[in-house]
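Worksheet: one structure, shown below.
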Amino acid sequence: GTLADDGEREGKPPEVDPEPIVLERIVSADGKTAQVTKEISVSSDTYIASNKPNDNYGNTTWLRLGYNATGDNLGAMRVLLYVDVSSIPSNAQIHWARFRIYQHSVTIPSGDPNSVTTRHLNNSWDERTVTWNSHQPDWGGVINKGYPTLAIGWIEADTTDLVKEWVSGQHSNHGLTFLANEEAVERQRMFYSREQGGGLHPRMVVNYTEQVDDQPPRVSVESLPTWSPQRFTVKWSGDDPGGSGIDHYDVRYRVPGGGWINWLNNT
């Protein structure tokens, strides 16, 4: 394969990361659940290189994976990515999740498919400061291993189990990493990063079922007697007939003739 003609360069990511896009939402016949297909763009992506162990590549338009023995001679290279899945309800039933990334160039000989391993990351990182020395090795278990096509275009990795762990809280979301053959032979894949623009940024597509809540919660505060001592107990309670539950209460009080005053927030 050959490198793309445009060349790696510095780029500028969107000033505001795009909101998740709902590609499809099908409500059940009884109106109680909905099956959703959602696209979530990466909010951070970069790569690290063993021969430039203190260099950061968080603002470049490429993501390099494998081994670079020519040109820049970057050595072994690993891709780091972060996807914010907080828009998916914690009690959602995840059916499938796929990470999509655009491969624009390869230097892998035909007949040498070069496997790619996907692992979750154990600790947080900053795409503008992370380097080989600061984040090597810092990954968890294998999520997926396969032999992606060498053809130019979109390729996918199954990340269903990983997204399930993130959404349920079973595993903290610090993103994921791609690793490939790091033998000291020219053998690399190049992908577009979020800095490239033009709709070619990496993204996660997730399909899940969520509960439909079309009723507000019901909350009440127990009335006080006409006269109370200087210290008294305030009681409140609530439920949610819609089924999604109550996350917290904000409790306010008012002295007759005055306005409402915040007392207990997020309790």
Side-chain angles (χ1 to χ4, degrees), residues 1-14 17 41-83 99-109 112-148 150 152 155 157 173-198 200-203:
T2 58
L3 296 177
D5 295 332
D6 58 350
E8 183 179 10
R9 64 186 187 279
E10 291 189 356
K12 182 180 179 182
D17 290 321
S41 300
V42 296
S43 24
S44 297
D45 59 4
T46 187
Y47 69 91
I48 53 179
S50 64
N51 285 354
K52 304 287 185 179
N54 296 311
D55 288 1
N56 171 264
Y57 299 95
N59 64 343
T60 60
T61 54
W62 286 10
L63 299 170
R64 296 181 181 227
L65 176 66
Y67 197 95
N68 172 220
T70 63
D72 295 332
N73 189 26
L74 297 175
M77 301 166 297
R78 301 165 182 166
V79 175
L80 284 70
L81 310 116
Y82 177 79
V83 183
F99 190 85
R100 304 191 71 218
I101 193 168
Y102 194 94
Q103 179 171 263
H104 70 76
S105 303
V106 296
T107 61
I108 302 173
D112 180 4
N114 188 235
S115 67
V116 174
T117 300
T118 304
R119 294 176 178 267
H120 66 77
L121 292 170
N122 284 328
N123 293 312
S124 60
W125 49 279
D126 186 324
E127 70 170 341
R128 293 292 185 255
T129 61
V130 67
T131 65
W132 180 276
N133 277 346
S134 71
H135 208 274
Q136 190 276 328
D138 198 7
W139 57 70
V142 173
I143 302 302
N144 177 280
K145 184 174 183 178
Y147 295 84
L150 299 181
I152 304 307
I155 61 176
N173 180 9
H174 297 300
L176 52 89
T177 184
F178 292 155
L179 302 100
N181 191 332
E182 295 179 355
E183 179 185 1
V185 176
E186 175 63 32
R187 187 190 284 112
Q188 62 173 318
R189 298 173 184 266
M190 280 69 68
F191 310 101
Y192 283 131
S193 73
R194 72 189 187 108
E195 281 79 5
Q196 173 65 29
L200 297 175
H201 57 277
R203 74 283 308 268

Quick one: do N173 and H120 satisfy side-chain contact (heavy atoms from CB on, under 4.5 Å)? Show the steps, please. CA-CA 8 Å; N173 180 9; H120 66 77; over 6 Å; no
Stepwise side-chain contact (heavy atoms from CB on, under 4.5 Å) check, R100 with I155: CA-CA 6 Å; R100 304 191 71 218; I155 61 176; over 6 Å; no
Dump the intermediate steps for side-chain contact (heavy atoms from CB on, under 4.5 Å) on N122 and H174, then the final yes or no. CA-CA 6 Å; N122 284 328; H174 297 300; 5.6 Å; no
Step by step, would you call E127 with D45 a side-chain contact (heavy atoms from CB on, under 4.5 Å)? CA-CA 6 Å; E127 70 170 341; D45 59 4; 3.7 Å; yes
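Between the CG atom in L63 and the CG atom in L81 there is a gap of 6.0 Å [rounded to 0.5 Å]. The distance from atom OG1 of T46 to atom CZ of R64, rounded to the nearest 0.5 Å, is 12.0 Å. Within the model, atoms NE2 of H104 and CZ of F191 stand 9.0 Å from one another, a figure rounded to the nearest 0.5 Å. Taken from CG in D55 to OG1 in T60, the straight-line distance is 11.0 Å, to the nearest 0.5 Å. T61 contributes atom OG1, which lies 11.0 Å from atom CG of L200 (distance to the nearest 0.5 angstrom). In this structure, CZ in R78 is found 7.5 Å from OG in S50, a value given to the nearest 0.5 Å.
Residues S193 and P202 come closest through the heavy atom pair C-CD, 3.9 Å. The two residues E186 and A69 have their closest heavy-atom pair at OE1-N, 2.7 Å. Across all non-hydrogen atoms, the minimal contact from E182 to M77 is OE2-O, 4.4 Å. Residues N68 and N73 share a closest heavy-atom pair of OD1-N, 3.1 Å. Here the shortest heavy-atom pairing between T131 and N56 reads CG2-N, 4.3 Å. Closest approach of A180 to G66, counting heavy atoms only: CB-CA, 4.0 Å.
The ring-ring contact (aromatic ring centres under 6.0 Å, His included) check on Y67 picks up nothing, with sequence neighbours excluded. Every residue meeting the side chain to side chain contact (heavy atoms under 4.5 Å, CB included) condition with H135, not counting sequence neighbours, appears here in chain and number order: L80, L121, W125, V130, D138.
With a 4.5 Å cut-off on side-chain heavy atoms, K52 and Y57 count as touching.
For N181 (side chain) and E183 (main-chain N/O), a donor-acceptor pair under 3.5 Å exists by modelled atom type.
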Determine all donor-acceptor pairs shorter than 3.5 Å in which one atom belongs to a side chain in residues 112-119; sequence neighbours excluded.
| unit_1 | atom_1 | unit_2 | atom_2 | d |
| --- | --- | --- | --- | --- |
| D112 | OD2 | R187 | NE | 2.6 |
| D112 | OD2 | R187 | NH2 | 3.1 |
| R119 | NH1 | G140 | O | 2.9 |

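Taking the six-membered ring for Trp and thresholds of 30 and 60 degrees, F99 and F178 have ring planes more than 60 degrees apart, a perpendicular arrangement.
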